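First comes the structure, then the notes that go with it.
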Amino acid sequence: MPVDGPQTIFVMRHGDRYDFDIGMPVWNETALRSHDPPLSLDVGQAQVLDMLGHFRALREAEPDLQITKVLTSPFLRCINTSHPIAAAWDAPLLIENSLWEVSAQGETMASARERACYFPRIDITYESLFRPAPDETFPRGCLERYSRAAYAIEEG
């Protein structure tokens, strides 16, 4: 069902990745999910605080603007980035599988229920629009999925 009236959609990328800080070989040797690092301790966390400051300033400048939901990719670094923004706006955090950058090449992604243990804003009842196909091509298949996801998100 389409949303009534105008809506604003913000798109942002996750903060700096921890595996880039310590080096991919070290990360890959120790991580349970090598494609799913958290944010880096210094730069990534600072980027989240900076983005949170922008959203707080936006709320002051436009008090009628409401963020009613925050959609995020299921990757840990994306949840690390978006959870504080959802909390600042008292909005649910929705794991949207159609937003994956690329498939995690056979790795098992943590479930929304597992993530919600650490990120309580996650709405575990939310049904993702769709998941990437396991044999999705890159970059063409990815770009086509992003387009389908953007239309579906806009329609609400």
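In what follows, every heavy atom counts, from backbone to side chain, and hydrogens, waters and symmetry copies are set aside. In this text the structure is predicted, and so the values were computed from the model without any measurement.
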Atom CG of Leu71 and atom SG of Cys78: how far apart are they, to the nearest 0.5 Å? 12.0 Å

Nearest heavy-atom pair of Pro74 and Asn97: which atoms, and what distance? CG-OD1, 3.4 Å

Please check if the side chain of Arg113 supplies one atom and the backbone of Ile124 the other of a donor-acceptor pair under 3.5 Å. no

Using a strict 4.0 Å threshold on nitrogen-to-oxygen distance, state whether Asp16 and Arg77 make a salt bridge. no

Main-chain N/O of Leu39 paired with Gln45 side-chain donor or acceptor, under 3.5 Å: no

Please step through side-chain contact (heavy atoms from CB on, under 4.5 Å) for the pair Arg59 and Phe55, ending with a clear verdict. CA-CA 6 Å; Arg59 184 172 40 203; Phe55 275 94; over 6 Å; no

For Asn28, look at atom CG and say whether over 12 heavy atoms of other residues, nucleotides or ligands are found less than 6.0 Å away. yes

Shared hydrophobic cluster for Leu49 and Leu41 (ILVMFWY, side-chain gaps under 4.5 Å): no

So, does Trp89 use its side chain to make a donor-acceptor pair with the main chain of Gln66 at under 3.5 Å? no

What one should report as the nearest heavy-atom pair of Gly44 and Ser40 is N-OG, 2.7 Å

salt_bridge(Arg148, Glu136) N-O dist < 4.0 Å: no

Taken to the nearest 0.5 Å, the spacing of Arg131 CZ from Glu96 CD works out to 10.5 Å

Flag the pair Leu76 / Arg115 as yes when at least one side-chain heavy-atom distance between them is below 4.5 Å, and no otherwise. yes

Taken to the nearest 0.5 Å, the spacing of Met51 CE from His14 NE2 works out to 12.5 Å

Hphob cluster co-occupancy, Phe119 + Tyr18, side-chain heavy atoms under 4.5 angstrom: no

Would you say His83's side chain and Leu93's backbone share a donor-acceptor pair under 3.5 angstrom? no

Indicate yes or no: at least one non-hydrogen side-chain atom of Phe10 is less than 4.5 angstrom from one of Leu58. yes

Under 4.5 Å between any side-chain heavy atoms of Ser147 and Glu144, yes or no? no

Please tell me whether Ile95 and Trp100 are part of a single hydrophobic cluster in this structure, the criterion being side-chain heavy atoms less than 4.5 Å apart. no

Do Ile122 and Ile153 sit in one hydrophobic cluster, given that two such residues count as connected whenever their side-chain heavy atoms are within less than 4.5 Å of each other, even indirectly? no

Going only through I, L, V, M, F, W and Y residues with side-chain contacts under 4.5 Å, is there a path from Ile67 to Leu94? no

Pair Asp123, Thr125: side-chain N/O donor-acceptor within cut-off below 3.5 Å: yes

Where the side chain of Thr72 meets the backbone of Ser82, is there a donor-acceptor pair that is under 3.5 Å apart? no

Neighbour count >12 (heavy atoms, 6.0 Å) for atom OH, Tyr118: no

Minimum heavy-atom separation for Val26 and Thr30, please, with both atom names. O-OG1, 3.2 Å

Which atoms form the tightest heavy-atom contact between Ile79 and Ser73, and what is the distance? CG1-O, 3.8 Å

Side-chain touch Pro37/Trp27, heavy atoms, less than 4.5 angstrom: yes

The reported gap from CG in Leu129 to CZ in Arg145 (rounded to nearest 0.5 angstrom) is 11.5 Å

Would you compute the distance between atom CD of Glu154 and atom CD1 of Ile9 and round it to the nearest 0.5 angstrom? 6.0 Å

Any non-hydrogen side-chain atom of Thr81 less than 4.5 Å from a side-chain atom of Met12? yes

